[in-house]
Amino acid sequence: MQLDFQPVVERVRNAILLRKLRPGEYSRMPPDMNAVPNEYGCADAANILYSIGEMTRDPDERAAAIRTLQDFQDPASGLFREATHHPLHTTAHCLAALELFEAGPRYPVTAVEELLSRQTPREFLDSLDWEGNPWNESHKGAGLYTICFLTGMMTPAWRNDYFDDLDAHADPETGICRRGAATGKQELARHLAGNFHYLFCYLHARRAFPFPEKMIDSCIALYRDGELLEFFGEKFSFLEVDWVFTLHRATRQTPHRFRESRETLREFARKYHAFLCGESWENAIGGDDLHALFGMVTAVAELQLALPGEIVTVCPLRSVLDRRPFI
């Protein structure tokens, strides 16, 4: 059975056009008379256009997009800041968008250079709140990896220490949280969302996932038991791509429950398609937020990879995570 997702591509393209202020400048939310470019609006417009195969080739517009993103950087610290996310997340997100243009930051990220001089990867990771706030704290953990890679600060020794620590603390029971951090089954969805951010770093580094069989078990159980937070698959958020990516990429590393995993993804794709093609996006949770729409597009791109021939778009979708880390 094929699912036509081209109407979804058309709607997201229109959402980007609505937020375009000037060449290379985008608002994150639908603009009003006083709209200004936003870090996530500009970065996610680039991310989405790359994903749907419509990044501009016009040199002047590309230069404007690069300049706009670079203008967000603080010259003193090198960080990018925006009110809704930690600076390590915003910095990684903007640098990852610049990479799509084969560009980088205007200034050194000195704040991260100073952090690296004070802490080893193990010390940094150990300082995060893995139990109380795994989702938001993973923005820091994965953000640091991405910044180090995209700015050339990463050494092989640092990278190995980073993943060795993650491997050593992976939970052999669930596969989706830090050992001992999960406080109950209802908390696992938040841990899944946090763990996803490290998995795309594993993917980028070509490292094997720790306990992929347990990841698959947890993903299927969370979906079948309805434990994936309220309105899963019926809103615009990143949890959908967190789950699809984890289940799909884990199945590439082990034959464990492969057919059941594929059928679970197929079942979710039907549900997601019905929501995305049938709802008024403006009235849905997150439907007015370009950052959330980027999460949705990446989830659909991941489904298209996971279910060959079943997710139809005019131009095959591309996941930015197959090019560089971070979303």
Cluster question for you: counting only ILVMFWY and a side-chain heavy-atom cut-off of under 4.5 Å, with indirect links fine, are L305 and F238 together? no
Partner set under side chain to side chain donor-acceptor pair (under 3.5 Å) for K235, not counting sequence neighbours: E240
When rounded to the nearest 0.5 angstrom, what is the spacing between CG in L166 and CG in D161? 11.0 Å
Under a 4.5 Å side-chain heavy-atom rule over Ile, Leu, Val, Met, Phe, Trp and Tyr, are F211 and F209 clustered together? no
So, taking the atom named CG in L192 and the one named CG in L239, what distance separates them when rounded to the nearest 0.5 Å? 6.0 Å
Counting distance only, does the side-chain N/O of R11 pair as donor-acceptor with the main-chain N or O of L276 below 3.5 Å? yes
Could you work out, with ring pair (Phe, Tyr, Trp, His ring centres under 6.0 Å) as the rule, every residue matching Y202, not counting sequence neighbours? F163
Pairs flagged by salt bridge (charged side-chain N to carboxylate O under 4.0 Å, His left out) wherever residues 80-96 is involved - sequence neighbours left out: R28-E82
Given L222, which of D217, L247, I176, T174 fulfils the side chain to side chain contact (heavy atoms under 4.5 Å, CB included) condition? I176
As an exercise, state the distance from CG of L150 to CZ of F326, rounded to the nearest 0.5 Å. 10.0 Å
Distance-only, no hydrogens or angles: does the T110 side chain make a donor-acceptor pair with backbone N or O of A76 under 3.5 Å? yes
Distance-only donor-acceptor hits, side chain of residues 306-316, under 3.5 Å, sequence neighbours excluded:
unit_1 : atom_1 : unit_2 : atom_2 : d
E310   : OE1    : R266   : NE     : 2.8
E310   : OE2    : R266   : NE     : 3.4
E310   : OE2    : R266   : NH2    : 2.9
T313   : OG1    : Q304   : NE2    : 3.1
T313   : OG1    : C315   : O      : 2.7

Under 3.5 Å, is there a donor-acceptor pair between the side chain of K271 and the main chain of F232? yes
Output yes when a side-chain donor or acceptor of R19 lies under 3.5 Å from a complementary backbone atom of A15, and no otherwise. yes
Applying salt bridge (charged side-chain N to carboxylate O under 4.0 Å, His left out) as the test, list every pair that has at least one member in residues 48-57; sequence neighbours left out. R13-E54
Show, in sequence, the C-alpha distance, side-chain angles and deciding distance for D44 and L293, and conclude whether the side chain to side chain contact (heavy atoms under 4.5 Å, CB included) test is met. CA-CA 9 Å; D44 287 321; L293 293 182; over 6 Å; no
Which residue pairs pass the ring-ring contact (aromatic ring centres under 6.0 Å, His included) test when at least one of the two sits in residues 55-88, sequence neighbours left out? Y40-H85, H85-H89, H85-H139, H85-H291
Rounding to 0.5 Å, atoms CH2 (W135) and CG (D242) come to a distance of 6.0 Å
Salt-bridge criterion met for D126 and R178 (N-O under 4.0 Å): yes
Rounded to the nearest 0.5 Å, what's the gap from CG on L203 to CG on L321? Could you check? 7.0 Å
Can you check ring-ring contact (aromatic ring centres under 6.0 Å, His included) on F245 and H248, steps first, answer last? CA-CA 5 Å; F245 181 94; H248 169 224; 7.8 Å; no
What verdict does the side chain to side chain contact (heavy atoms under 4.5 Å, CB included) test give for Y198 and Y162, after you've listed the backbone C-alpha separation in whole Å, the side-chain angles of each residue and the deciding distance to 0.1 Å? CA-CA 10 Å; Y198 299 102; Y162 178 89; 3.4 Å; yes
For F275 and F236, take the angle between the two ring planes, folded into 0 to 90°, and tell me which bin it lands in: parallel under 30, tilted 30 to 60, perpendicular over 60. tilted
Could you tell me which residues satisfy side chain to side chain donor-acceptor pair (under 3.5 Å) with E260, sequence neighbours excluded, listed by chain and number? R257
Between Y272 and W243, is the gap from one ring center to the other below 6.0 Å? no
Backbone N/O of P156 and side chain of N160: donor-acceptor pair under 3.5 Å: yes
Are side-chain heavy atoms of P108 and T151 found at a separation under 4.5 Å? no
Output every pair passing salt bridge (charged side-chain N to carboxylate O under 4.0 Å, His left out) with a member in residues 115-124, not counting sequence neighbours, ordered by first then second residue. R122-D165
Is it true that a side-chain atom of T90 and a backbone atom of P87 form a donor plus acceptor pair closer than 3.5 Å? no
All side chain to side chain donor-acceptor pair (under 3.5 Å) counterparts of Q70, not counting sequence neighbours: R106
Should the pair R62-E102 be classified as a salt bridge under the 4.0 Å nitrogen-to-oxygen rule? no
List the residues meeting side chain to side chain donor-acceptor pair (under 3.5 Å) with D74, not counting sequence neighbours, and say none if there are none. S77
Identify whether V241 and L49 are in the same connected component of the hydrophobic contact network (ILVMFWY, side-chain heavy atoms under 4.5 Å). yes
Going by side chain to side chain contact (heavy atoms under 4.5 Å, CB included), name the residues that satisfy it together with P59, two or more places apart in sequence or in a different chain. none
Closest approach of G104 and L98, non-hydrogen atoms and distance? O-CD1, 3.6 Å
Tell me which pairs pass salt bridge (charged side-chain N to carboxylate O under 4.0 Å, His left out) where either residue lies in residues 311-327, with sequence neighbours left out. E99-R323, R249-D322
Nearest 0.5 angstrom please: S218 OG to D171 CG, how far? 8.0 Å
Test side chain to side chain contact (heavy atoms under 4.5 Å, CB included) on F268 and L303 and set out the steps. CA-CA 9 Å; F268 170 73; L303 285 169; 4.1 Å; yes
Donor-acceptor contact below 3.5 Å, side chain W130 vs main chain E137: no
Tell me whether F124 shares a hydrophobic cluster with V109, the cluster being built from Ile, Leu, Val, Met, Phe, Trp, Tyr side chains joined at under 4.5 Å. yes
